[in-house]
Amino acid sequence: MESTGTTKTERSSADACASRTELPQRVDVIVIGGGIMGLASAYELARAGQSVLLLERSDLGCGSTSKAAGGLRSQFSDEANIRLGARSLETFVWLQEQRGHELDLLRTGYLFLLSEEEDVARFEKDVALQNSLGLRTTMLTVEEAHALSPVISTDGLIGAVFNPDDAHCTPEAAVGAFAHEARLAGAKIATKAKVTDIEVVDGAVAAVTVARASAADQHPSTGSERRIETDHIVCAAGVWSGAIGDMLGIELPIRPLKRHVAVTEPLDIDTRAMPFTIDFSTSFYFHSEGEGLLMGAPEVEDTWEFDLHTNPGWLEHLSDLIEARAPDLDDVEVRAGWAGLYEVTPDHNALIGSSPEVAGFHYACGFSGHGFLQGPAVGEVMRDLVLGREPFVDVSGLSLDRFSAGELRTELTIV
């Protein structure tokens, strides 16, 4: 993926610096996970005056964040997700316009293409909810949708939904921006630092054991372990959060789901003028990436494994979807591609909360494909949960309690 934000050289330099960070004996809060969720949490907590240590077992953003499509939207069916998406978008804009971080952020909107009557009826309700919360989402005719995204075929479409304020940006650049801001706020960031154990005393978090990589092998090993005392842990380890929960006997019901992304060659059309376009019935989507397009879609059969190998058969499936919905792009060559992992919960909604069983353990994971776009706002929420304050949005319904109570909270607008 091309990026006009943080370069690979800059990222490597930042990670090398983080890998040499000296581990303290004690901090107020330890954040586990160096993706957008962990970095945003570390930034907000440090800005609030907490001593913060972020631990990443590999390099910053190397997990699902760096493999995300970079979409930033507030179009959801769940009010909490709408608020989290809208608040995060404000922060991404602030990072670029006020703090000077080049995120390659384009506010060209999100366009959902609809071909089923039941989807139109449901989106109409969602639009009403979003409008009541201050969003400018509107229902469009097929002709209006085609004018916004002229490469699409309108065959079978009966309507569309559009929010002009939604956007997309470069995930790697956002990682670099939040890491920079977190360090400025006073947070310590350590990479090549794997959590191997969590100590609980009298029902509360007491310490974390960390295996640190040597400068020679760059891989954490038990021979270089360090115990760090803390009162709070924020688990933001994405699809790998289950292993952190297991250390405490807390089940975080998250499964890995493979998703592919492809980037095309440069095209002779103005791709940057088109919105992030999604064929909702198939989840085929595309948006600008440099002078080309970034495209994605589910596999024919879901792969629920920790598997990042690309499947050549997926490109054939993608080609079929392109031919059906954007036939003008059917002959475009793919320049690059990769596979990443969604962190999926049973109801496709996030896990956000604080454990009643282990005091001081807080979690932000299981975002089921919309974690990158909600990261900044969730960072604010985690800050408030740690400090015992009321977050700007009610996230009580996203805690683990909903599963034990049998009260699933399903998000319907998933891609």
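Only this structure's heavy atoms are used, side chains among them; waters, hydrogens and symmetry mates stay out.
Counting all heavy atoms, side chain and backbone alike, E299 lies closest to T303 at OE2-OG1, 3.3 Å. Heavy-atom minimum distance, L387 versus A48: CD1-CB, 3.8 Å. Looking at every heavy atom in both residues, F286 comes nearest to M295 through CB-CG, 3.9 Å. Taking each heavy atom of A262 and L318 in turn, the nearest pair found is CB-CD2, 4.1 Å. Annotation for I254 and G366: closest pair CD1-N, 3.7 Å, computed over non-hydrogen atoms. For the pair L89 and D165, the tightest heavy-atom approach, listed with the atom from each and the gap, is CD2-O, 3.0 Å.
Between L257 and L341, every side-chain heavy-atom pair lies at or beyond the 4.5 Å cut-off. Within the 4.5 Å cutoff, the side chain of C235 has heavy atoms near those of the F361 side chain. Contact annotation: the side chain of L267 approaches that of L329 to within less than 4.5 Å [non-hydrogen atoms, C-beta and beyond]. Contact annotation: the side chain of R402 approaches that of R409 to within less than 4.5 Å [non-hydrogen atoms, C-beta and beyond]. Side-chain contact between D78 and N349 is present, with heavy atoms from C-beta onward closer than 4.5 Å. Looking at V415 and F280, their side chains never come closer than 4.5 Å, going by heavy atoms from C-beta outward. Looking at I352 and L84, their side chains come closer than 4.5 Å, going by heavy atoms from C-beta outward. Looking at heavy atoms from C-beta onward, I82 lies out of side-chain contact with D126 at the 4.5 angstrom threshold.
Looking only at atom types and distance, the side chain of S149 has a donor-acceptor partner in the side chain of T277 under 3.5 Å away. No hydrogens or angles considered: nothing links the side chains of H101 and H180 as a donor-acceptor pair under 3.5 Å. Defined by atom type and a distance below 3.5 Å, a donor-acceptor pair is present between the side-chain atoms of E225 and T196. Under the 3.5 Å distance criterion, with hydrogens and angles disregarded, no donor-acceptor pair is assigned to the side chains of E411 and S368. Side-chain atoms of D279 and T282 form a donor-acceptor pair, as typed in the model, at a separation below 3.5 Å. Side-chain contact, D347 with T410: no donor N or O sits under 3.5 Å from an acceptor N or O.
When each of I30, V358, I244 is checked for a side-chain contact (heavy atoms from CB on, under 4.5 Å) with I198, only I244 meets the rule.
Contact check on R122 versus E124 returns no salt bridge, with no Lys/Arg side-chain nitrogen under 4.0 Å from an Asp/Glu carboxylate oxygen. One finds no salt bridge joining R83 and D394 here, because no Lys/Arg side-chain nitrogen approaches an Asp/Glu carboxylate oxygen to under 4.0 Å.
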Side chain to side chain contact (heavy atoms under 4.5 Å, CB included) evaluation trace for R272 with D104: CA-CA 11 Å; R272 293 171 68 87; D104 198 24; 3.2 Å; yes

Full working for side chain to side chain contact (heavy atoms under 4.5 Å, CB included) between N163 and L135: CA-CA 8 Å; N163 185 308; L135 273 62; 3.9 Å; yes

Check against side chain to side chain contact (heavy atoms under 4.5 Å, CB included), K125 and S77: CA-CA 8 Å; K125 294 180 181 179; S77 62; over 6 Å; no

Derivation and outcome, salt bridge (charged side-chain N to carboxylate O under 4.0 Å, His left out), residues R325 and D320: CA-CA 9 Å; R325 185 52 64 207; D320 292 340; over 6 Å; no

Working for side-chain hydrogen bond (donor to acceptor under 3.5 Å, both in side chains), residues E343 and S64: CA-CA 9 Å; E343 40 173 324; S64 295; 5.6 Å; no

Test log, rule salt bridge (charged side-chain N to carboxylate O under 4.0 Å, His left out), inputs R227 and E229: CA-CA 7 Å; R227 180 179 179 274; E229 295 181 353; 3.2 Å; yes

Stepwise side chain to side chain contact (heavy atoms under 4.5 Å, CB included) test for N81 and H370: CA-CA 9 Å; N81 288 331; H370 45 267; 4.2 Å; yes

T191 vs D59, side-chain hydrogen bond (donor to acceptor under 3.5 Å, both in side chains): CA-CA, chis, key distance, verdict: CA-CA 6 Å; T191 57; D59 296 323; 4.7 Å; no

Audit row: R73, D166, salt bridge (charged side-chain N to carboxylate O under 4.0 Å, His left out) steps and yes/no: CA-CA 5 Å; R73 65 180 165 109; D166 288 342; over 6 Å; no

Please output the side-chain donor-acceptor pairs of residues 108-117 that fall under 3.5 Å, not counting sequence neighbours, one pair per line with the distance.
unit_1 : atom_1 : unit_2 : atom_2 : d
T108   : OG1    : M274   : O      : 3.2
S115   : OG     : S281   : OG     : 3.4

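Note that OG1 of T138 is 10.0 Å distant from CD of Q130, once rounded to the nearest 0.5 Å. Rounding to the nearest 0.5 angstrom, the gap separating the CZ atom in F178 from the CZ atom in R99 is 11.5 Å. With rounding to the nearest 0.5 Å, the separation of CD in E172 from OG in S66 is 6.0 Å. Atom CG of residue L106 and atom SG of residue C169 lie 9.5 Å apart, to the nearest 0.5 angstrom. Atom CD in Q75 sits 4.5 Å away from atom OG1 in T137 (nearest 0.5 Å). The distance from atom CG of L53 to atom OG1 of T230, rounded to the nearest 0.5 Å, is 8.5 Å.
Residues forming a ring-ring contact (aromatic ring centres under 6.0 Å, His included) with Y342 (at least two apart in sequence, or on another chain): none. Taking the ring-ring contact (aromatic ring centres under 6.0 Å, His included) definition, one finds that H317 meets it with nothing, sequence neighbours left out. Taking F367 as the reference, nothing meets the ring-ring contact (aromatic ring centres under 6.0 Å, His included) condition, with sequence neighbours excluded. Annotation: ring-ring contact (aromatic ring centres under 6.0 Å, His included) contacts of F162 (sequence neighbours excluded): none.
Residue pairs meeting the side-chain hydrogen bond (donor to acceptor under 3.5 Å, both in side chains) criterion with at least one partner in residues 240-266, sequence neighbours excluded, are K258-D307.
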